[in-house]
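These figures come from a predicted structure and were not determined experimentally. Numbering of ligands and ligand atoms starts at 1, following listing order.
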Amino acid sequence: MTTFASITDQLALQAIELPSWAFGNSGTRFKVFGTPGTPRTVQEKLADAAQVHAFTGLAPTVALHIPWDKVDDYAALAAYAKELGVALGTVNSNTFQDEDYKFGSLTHTDARIRRKAIDHHLECIDIMDATGSRDLKIWLADGSNYPGQADLRGRQDRLHESLQVIYDRLGDDQRLVLEYKFFEPAFYHTDVCDWGTSYAQVAALGPKAMVCLDTGHHAPGTNIEFIVMQLLRLGKLGSFDFNSRFYADDDLIVGAADPFQLFRILFEVVRGGGYGPESGVAFMLDQCHNVEDKVPGQIRSVLNVQEMTAKAMLVDRDALAAAQAAGDVLGANGIFMDAFYTDVRADLAAWRESRGLPGDPMAAFAATGYLARIAADRVGGTQAGWGA
Ligand code: PSV
Ligand code: MN
């Protein structure tokens, strides 16, 4: 039996990056509801993110999205983040909101538009140089809606050529992570639709290119933990975008719909050497809070990841291996499920308190009145939103 006391040192290594866009307003194509106190600037997004870290100790970095989070002075932004107790993390590119990208970006048939999309990524790397960020995350909306609309093969070839130019600009300590998504906004085909396509593209680039796995980007029923295992086995799992889905790319709170799936994923992460700073696997959230408060939504999210990580670490791997080797199907399954059903909440609360953190970060944050304060202070200006 693995005890909670035996995993606390490992738990202390956990770091989950927050997306700046989670603090802005978001919604569906039907309606975006505004929330009092929503940040109007990237600095205000960082201030909100810093609250999540202050109450959980789990979220030391914040991902930027360019051009949404563009500023004149990135060194000053990094210094401001540091004052708040956090650091700037992954830089996300954006090739999905410009008229020129209607028929694609890095895959486009028109060399001018491909060049424009490449240059945008080179600008993102310049920003990474200024912020000290390690990772450039690329998610492409490129695809087509109708059979025959596009030359599928030509687009893969052009994608490779474009990515190679971007890859060649990376510094020694920088990486590129290529995210896949099976559909949307294109519905017939997507150029980077699955882990295999992402893997094929990054493998052709070199060691500094890795796959980003967004947990919301799979068809229903997909065995995501199998993909995690395979990418770790191949040394190409660069990062996670954690979120939760019921139907498609719903960007809901990670662990909300299916905590057992999150547990299974984290078990493969821990088992496959994908946990901790040395592993090179970045844990990030990619979420939007449409109807719930955003800062508590992010606090709940990182706590969910922590809780399922603890349970994953509690799996008695020696006993599991013995049961598997013995062909003890139900015994092996029972060992796995025992860890999942172990209630770690009280242990985690006590452990947090031993580290100077509130045992119940949700309640402690609520008691500060921060949300009422920002609602009163942040009047005027334009609220940030997903896409702004
Ligand atoms: C779009 O699906 C998306 O959610 C991708 O997952 C990216 O990671 C994110 O937007 C930000 O560009
Ligand atoms: Mn994502």
Polar protein atoms (N, O or S) that approach the Mn ion (ligand 2) to under 2.8 Å:
Glu179 OE2, Asp214 OD2, Asp241 OD2, Asp286 OD2
Take the angle between the ring planes of Tyr199 and Trp195 and call it parallel below 30°, perpendicular above 60°, tilted in between.
tilted
For a distance cut-off of 3.5 Å, show me each N or O of ligand 1 paired with any protein N or O, plus the separation.
unit_1	atom_1	unit_2	atom_2	d
ligand 1	2 (O)	Lys181	NZ	2.7
ligand 1	2 (O)	Asp249	OD2	2.8
ligand 1	4 (O)	Asp286	OD2	3.0
ligand 1	6 (O)	Glu179	OE2	2.5
ligand 1	6 (O)	Asp214	OD2	3.1
ligand 1	6 (O)	His217	NE2	3.3
ligand 1	6 (O)	Asp286	OD2	2.7
ligand 1	8 (O)	Lys137	NZ	3.1
ligand 1	8 (O)	Glu179	OE1	2.7
ligand 1	8 (O)	Glu179	OE2	3.2
ligand 1	8 (O)	Asp241	OD2	3.1
ligand 1	8 (O)	Asp286	OD2	3.0
ligand 1	12 (O)	His65	NE2	2.7

Using salt bridge (Lys or Arg N to Asp or Glu O under 4.0 Å), reason through Asp100 and Arg112 one step at a time and then give a plain yes or no.
CA-CA 10 Å; Asp100 270 343; Arg112 180 190 70 80; 3.2 Å; yes
Verdict with supporting geometry, Asn304 and Ser301, side chain to side chain donor-acceptor pair (under 3.5 Å):
CA-CA 5 Å; Asn304 284 355; Ser301 304; 5.9 Å; no
Indicate the ring-plane relationship of Phe242 and Phe283, choosing parallel, tilted or perpendicular according to the 30° and 60° boundaries.
perpendicular
What I want to check is whether the side chains of Asn290 and Ser26 have a donor and an acceptor closer together than 3.5 Å.
yes
Please assess Asp249 against Arg245 for the test salt bridge (Lys or Arg N to Asp or Glu O under 4.0 Å), listing each intermediate value before the final yes or no.
CA-CA 6 Å; Asp249 182 28; Arg245 69 190 280 281; over 6 Å; no
Inter-residue atom distance Arg114.CZ - Leu159.CG, 0.5 Å rounding:
11.0 Å
Applying salt bridge (Lys or Arg N to Asp or Glu O under 4.0 Å) to Lys181 and Glu184, what does each step give before you reach the verdict?
CA-CA 8 Å; Lys181 175 171 166 176; Glu184 199 206 17; 2.9 Å; yes
Scan side-chain atoms only and decide if Asn25 and Gln383 contain a donor-acceptor pair under the 3.5 Å cut-off.
yes
